[in-house]
There are 2 protein chains.
Amino acid sequence: MSLMKNLSDKELERGIKDFLEAAPKTYLPGVSIDTVIFSFHNNKLKVLLLRLGDMPYFSLPGGFIKKEENLDDAALRTLQERTGLENIYLEQFYTSGNAIRFNENIVHEKLKTLVNLPDNNWLQQRFISVCYYALVDETKVNPQPGPFTSEFQWVDIKKVPTLLYDHNLIIQKALNRLAADLDQKLVGFNLMNETFTMGELQKLYEAVYQKKLVRTNFQRKMLSLNVLERLEKQYNGKAHKAPYLYRFMEAKCKC
Amino acid sequence: MSLMKNLSDKELERGIKDFLEAAPKTYLPGVSIDTVIFSFHNNKLKVLLLRLGDMPYFSLPGGFIKKEENLDDAALRTLQERTGLENIYLEQFYTSGNAIRFNENIVHEKLKTLVNLPDNNWLQQRFISVCYYALVDETKVNPQPGPFTSEFQWVDIKKVPTLLYDHNLIIQKALNRLAADLDQKLVGFNLMNETFTMGELQKLYEAVYQKKLVRTNFQRKMLSLNVLERLEKQYNGKAHKAPYLYRFMEAKCKC
DNA sequence: CTATTATTGTATCATGATGATACATTAATA
DNA sequence: TATTAATGTATCATCATGATACAATAATAG
């Protein structure tokens, strides 16, 4: 599902110029934020990727920290700006800081073709990037382009292409952390609808753990947690027993 | 155990002046490193704290990142500079970035009493701090003062006083992470001597988990991991059965 | 209306990990 | 030689988990 914004080069140029003028007085230098935005839709775990212009690589959405803004607040703000959502589950998990970043020169070249930039402009400095992961409802996200975004795409976690910088590594670390948090903090329900079947929930866990689970044991485990409320059955017209719907009872959980 | 370096105000002034002259061309602005250095000695889990001049608060050791240096390399270098050790177990676990840091003004005031500094000097900028924990052998550490250090102290984790900035929170997060890594990656042996008794190992786990463990079950669990080599007994002159010594067999472990 | 099919919900059994407890072992001392 | 205090091992109950069997059921085909 590609969300083409089809920003023209003219629009990109305008956005980048405005950004570059404001950035040095607005944002902390040398520190950026990258966010791995997860969703779970049609039984697939996905991440939101974006592209600058017609560049051959996607990258993670991110942003910068205002000079008087707390780090976590900046992560939430940039995420809200990009998704239009409130109340997002957000977790810091890693900070990336190699001196030379994969393909960064390609980005700089691309920027120069879009805008007439001097060498050593604000965007060309070295950045230490603080990484967060977010759990969102894909259907409620209305991606808003930032100054460097011409295209959004939700990509199946199993089909993520080679990305800019070390963003593939960052996604892998996010996924590892999400798997641990799924166990220990039950954060997975932030990715489910209000109601869901046990089979749907199992698909989420399988996508995060990247392995098949035994259906009957999964069901027993989930029910034993005592955080699921069983609702009416879901008659879906299929020629078999209808599954129950469940709701996650936040009150019973310690997260 | 206090390691007074008794740096005079004159020495501190010289060091800080030199640092401030070199810092802007040497280090990335706005990003620092804080390191929670753990040791386990005399059955006590400790962290290395340091004090600037005669300030009323201790703080964590740390450092800065050279302009062309990878983040992890910087963490290792600053740690080596401060401890004189090679081959240190080091793990990044958190990045701290509130806009206003607890008691930072006190530090700025103290610096001004030591050196005649302008407002808005390099040290007074806002820092995003990337936090690492390290596991070291206290007896092999020979603390080297940095430009802001007049005193080192190994402090029992149970007796850490109120520290500067959010360093108490950072230590707590480091301890939580260490507890998780003790389980999953068996990093604890980095804190033990080459050989140790089961009782000593249990004291380490109890100090990290901050709770008592049942001796017999702990022993069974550790032996079942198949990573311990049993050596000769340790006759220590006590009126009871002598305990075996054990050695950690790295080869059998996946860390 | 009945048999079939695909899926779902539950029960059962074997296995392994863990908490709790008992007990045998032993190095030094009285 | 008995005592003491710590150590090493065994045992039992409990719980979590993997594997498997089986009953229940909603739609469909005959």
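Model, not experiment: these values are computed from the prediction. Lettering of chains follows the sequences in order, A, B, ..., and the numbering in each one begins at 1. These numbers come from the heavy atoms of this one structure, side chains and all, not from hydrogens, waters or symmetry mates.
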Criterion side-chain contact (heavy atoms from CB on, under 4.5 Å) on Trp154(B) and His41(B), from CA distance to verdict:
CA-CA 10 Å; Trp154(B) 285 103; His41(B) 198 228; over 6 Å; no

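Residues Ser129(A) and Arg101(A) meet the side-chain proximity criterion, which asks for heavy atoms closer than 4.5 Å. The side-chain heavy atoms of Phe189(B) and Leu135(B), taken from C-beta on, include no pair separated by under 4.5 Å. Taking the side chain as every heavy atom from C-beta outward, Leu79(A) and Ile33(A) never approach each other to under 4.5 Å.
Side-chain N or O atoms of Asp137(A) include one that pairs as donor or acceptor with a backbone N or O of Thr139(A) at under 3.5 Å.
If you measure from atom OH of Tyr209(B) to atom P of dT18(C), you get 10 Å, rounded to the nearest angstrom. Between Leu225(B) atom CG and dT18(C) atom C1' there is a gap of 13 Å when expressed in whole angstrom units. At whole-Å resolution of the value, CD in Glu232(B) and P in dT26(C) are 17 Å apart.
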Could you list the donor-acceptor pairs under 3.5 angstrom formed between side-chain atoms of residues 158-167 of chain A and any protein atom two or more places apart in sequence or on another chain?
| residue | atom | partner | partner atom | Å |
| --- | --- | --- | --- | --- |
| Asp166(A) | OD2 | Ser96(A) | OG | 2.5 |
| His167(A) | ND1 | Leu60(A) | N | 3.0 |
| His167(A) | NE2 | Asp34(A) | OD2 | 3.3 |

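Recorded end-axis angle for the helix from dC1(C)-dG30(D) to dA30(C)-dT1(D) stands at 30°, based on five pairs per end and rounded to 10 degrees.
The salt bridge (Lys or Arg N to Asp or Glu O under 4.0 Å) pairs that include a residue from residues 71-97 of chain B are Glu69(B)-Arg77(B), Arg77(B)-Glu81(B), Glu91(B)-Arg177(B), Glu91(B)-Lys185(B), where partners are two or more places apart or lie in different chains.
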Collect all protein-nucleotide pairs involving nucleotides 8-10 of chain C in which both atoms are nitrogen or oxygen and the distance is under 3.5 Å.
| residue | atom | partner | partner atom | Å |
| --- | --- | --- | --- | --- |
| dT8(C) | O2 | Lys241(A) | NZ | 3.3 |
| dG9(C) | OP1 | Tyr244(A) | N | 2.7 |
| dG9(C) | OP2 | Gln219(A) | OE1 | 3.4 |
| dG9(C) | O4' | Lys241(A) | NZ | 3.2 |
| dG9(C) | N7 | Arg215(A) | NH1 | 2.8 |
| dG9(C) | N7 | Arg215(A) | NH2 | 3.4 |
| dG9(C) | O6 | Arg215(A) | NH2 | 3.1 |
| dT10(C) | OP1 | Arg230(A) | NH1 | 3.2 |
| dT10(C) | OP2 | Arg230(A) | NH2 | 2.9 |

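Tyr57(A) and Phe102(A) have perpendicular rings, their planes meeting at more than 60° on a 0 to 90° scale where under 30° would count as parallel.
Close approach of DNA chain D to chain B, defined as any atom under 4.0 Å from a non-hydrogen atom of the protein, starts and stops at dT4(D) to dT11(D).
Side-chain contact check for Asn168(B) and Gln172(B): no donor-acceptor pair (N or O, by modelled atom type) lies under 3.5 Å.
Every residue was checked against the salt bridge (Lys or Arg N to Asp or Glu O under 4.0 Å) condition with Arg230(A), not counting sequence neighbours, and none meets it.
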